[in-house]
Amino acid sequence: MKKNFISLLFVSAITVGLLSACSSAPADDNATNPKAETVTSQANHDTNSSPVSVTLNEVAHSIFYAPQYVAIENGYFADEGINLTLVTGFGAV
């Protein structure tokens, strides 16, 4: 009897914990800070500014990064004002 009570108590606690995380109202992150700007809106404001330098460190060359390589070679990053430098870091220990 004691084992059943503890199991029921444990299942009830987990159920209450899981259901308390659910809400019907969507979370609005900008509600707390209405003046917050997104990266996209900042990029739209800074169209005449100098390019941003970004160094991208990849672990290894892979076929999965093919869209990235195509975007670099076709100059899509430069079109968006990003001066991209690609560096291979050769993984971690």
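FYI, side chains are in, hydrogens and waters are out, and symmetry mates aren't considered; it's all heavy atoms of this structure.
- From F10, atom CZ reaches atom OG1 of T15 across 10.0 Å, with rounding to the nearest 0.5 Å.
- Tracing side-chain contacts under 4.5 Å through hydrophobic residues (I, L, V, M, F, W, Y), one never reaches V59 starting from I72; they form parts of separate clusters.
- How far OG1 of T85 is from CG of N57: 11.5 Å, rounded to the nearest 0.5 Å.
- Hydrophobic clustering places V54 together with Y65 (ILVMFWY residues linked when any side-chain heavy atoms are closer than 4.5 Å, directly or through intermediates).
- We find the CG-CG distance between L9 and N4 to be 12.5 Å, quoted to the nearest 0.5 Å.
- Within the model, atoms CD1 of I82 and CG of L56 stand 10.5 Å from one another, a figure rounded to the nearest 0.5 Å.
- Of the inter-residue distances, the one linking D79 atom CG with Y76 atom OH reads 8.5 Å to the nearest 0.5 angstrom.
- The minimum heavy-atom distance linking E58 with Y69 is given by the pair OE1-OH, 3.0 Å.
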